[in-house]
Amino acid sequence: MTMNKLFAFLLIAVTVLIGASACSEDLDNPKYQSLPPEFKAITLKSLRDNSDKVRVGDKFVIICEQGSKGKNLVGVNYLWTLNRTDCFDQVSKNSVNIFAYEGADTADPTDTLIARQARAFSITFKGTYATGGQLVNWQEKYGTRREVELGDENHTTFTYELQGAGVAKFVVTGKRNFNIYPQN
């Protein structure tokens with residue numbers, strides 16, 4: 001087992017023990033609750049002119065914007081997928097693993113691409129967040145799945161799922177349509 005995997009395993013194990021040791025009378029205490037981040041948008045930003053209109057040949061950033069940060073999360077994995085990977089060059093590392101979500105690692109997830117073809121596309125963001133606290137209030141409010149449609153022209157949606165027992169995780173999936181425009 002590599003040192004990073006061993007460290008991640010130990011971090012998750014200690015966090016689960018701490019979360020499990022919280023008293024039942026603390027179920028309503030926000031300090032002990034695990035919550036996924038709440039996302040408000042998936043945006044595109046051309047690095048050519050900082051606009052949201054991306055053209056063929058532009059290097060651009062896709063940003064999954066958090067409206068609120070998650071809480072008591074211990075391990076995070078981000079993955080971006082496109083419906084047509086042959087029309088883009090990947091610039092940044094697509095899959096990102098973070099061992100602790102708290103603190104500086106709560107930045108909005110991003111990916112950087114270069115557009116190679118003008119047409120309509122769709123992108124999917126998947127964030128997997130290992131929980132380190134109690135889940136009772138989230139489960140009482142949403143069960144194991146919550147779907148949010150943003151109602152924008154890009155048909156952006158987010159699905160929040162609580163998966164697993166013991167060491168549970170939130171899986172957040174965001175989807176959005178977007179256009180790449182021809183060069184000027």
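Numbers for residues simply follow the sequence, beginning at 1. Excluded from the calculations below are hydrogen atoms, water molecules and symmetry mates; all remaining heavy atoms, backbone and side chain alike, are included.
Asn72 places no side-chain N or O within 3.5 Å of a backbone atom of Thr131 that could act as its donor or acceptor partner.
Glu147 has its side chain out of reach of Thr157: every pair of non-hydrogen atoms, C-beta onward, lies at least 4.5 Å apart. Counting heavy atoms from C-beta outward, Tyr142 and Leu162 have side chains that stay 4.5 Å or more apart. Looking at heavy atoms from C-beta onward, Trp138 lies out of side-chain contact with Gln33 at the 4.5 angstrom threshold. Under the 4.5 Å side-chain criterion, counting only non-hydrogen atoms from C-beta, Arg176 is not in contact with Ile62. Contact check for Trp80 versus Pro109: side-chain heavy atoms found under the 4.5 Å cut-off. At a threshold of 4.5 Å between non-hydrogen side-chain atoms, the residues Thr81 and Lys126 do not count as touching. At a threshold of 4.5 Å between non-hydrogen side-chain atoms, the residues Ile123 and Phe121 do not count as touching. Residues Leu73 and Pro37 are in side-chain contact: their nearest non-hydrogen atoms beyond the backbone lie under 4.5 Å apart.
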Begin with the C-alpha distance, continue with both residues' side-chain angles, and end with the deciding distance and a verdict on side chain to side chain contact (heavy atoms under 4.5 Å, CB included) for Asp111 and Tyr78.
CA-CA 10 Å; Asp111 200 11; Tyr78 299 138; over 6 Å; no
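Summarising the geometry, atom NZ belonging to Lys45 is positioned 10.5 Å from atom OG1 belonging to Thr110; distances are rounded to the nearest 0.5 Å. Atoms CD and CZ, on Gln163 and Arg145 in that order, are 9.5 Å from each other to the nearest 0.5 Å. Asp108 contributes atom CG, which lies 11.5 Å from atom CD1 of Ile42 (distance to the nearest 0.5 angstrom). With rounding to the nearest 0.5 Å, the separation of CG in Asn179 from CG in Asp52 is 11.0 Å. To the nearest 0.5 Å, atoms CD1 (Ile114) and NZ (Lys59) are separated by 5.5 Å. The distance from atom CG of Asp49 to atom CG of Asp58, rounded to the nearest 0.5 Å, is 6.5 Å.
Between the side chains of Asn154 and Thr156, no donor-acceptor pair is found at a separation under 3.5 Å.
When all heavy atoms of Ala115 and Ile180 are compared, the pair lying nearest together is CB-CG2, 3.6 Å. Here the shortest heavy-atom pairing between Gly164 and Ala168 reads O-CB, 4.0 Å. Scanning all heavy atoms of the two residues, the minimum distance from Leu82 to Leu113 falls at CD1-CD1, 3.8 Å. The minimum heavy-atom distance between Ala118 and Pro182, with the atom names listed, is CB-N, 3.7 Å. Considering all non-hydrogen atoms of both residues, Ser34 and Gly132 come closest at OG-N, 3.1 Å.
The ring-ring contact (aromatic ring centres under 6.0 Å, His included) pairs that include a residue from residues 146-166 are Phe39-Phe158, where partners are two or more places apart or lie in different chains. Contacts classified as side-chain hydrogen bond (donor to acceptor under 3.5 Å, both in side chains) and involving residues 112-124 (residues at least two apart or in different chains) are given here: Asp89-Arg116.
Partner Glu38 forms a salt bridge (charged side-chain N to carboxylate O under 4.0 Å, His left out) with one of Lys71, Lys69, Arg146 and no other, that one being Arg146.
Clustering ILVMFWY residues whenever any of their side-chain heavy atoms sit less than 4.5 angstrom apart, transitively, puts Val171 in a cluster other than the one holding Phe125. A continuous path of ILVMFWY side-chain contacts below 4.5 Å connects Ile63 to Leu47, so both sit in one hydrophobic cluster.
In terms of the side chain to side chain donor-acceptor pair (under 3.5 Å) criterion, Thr144 has no residue partners (sequence neighbours excluded).
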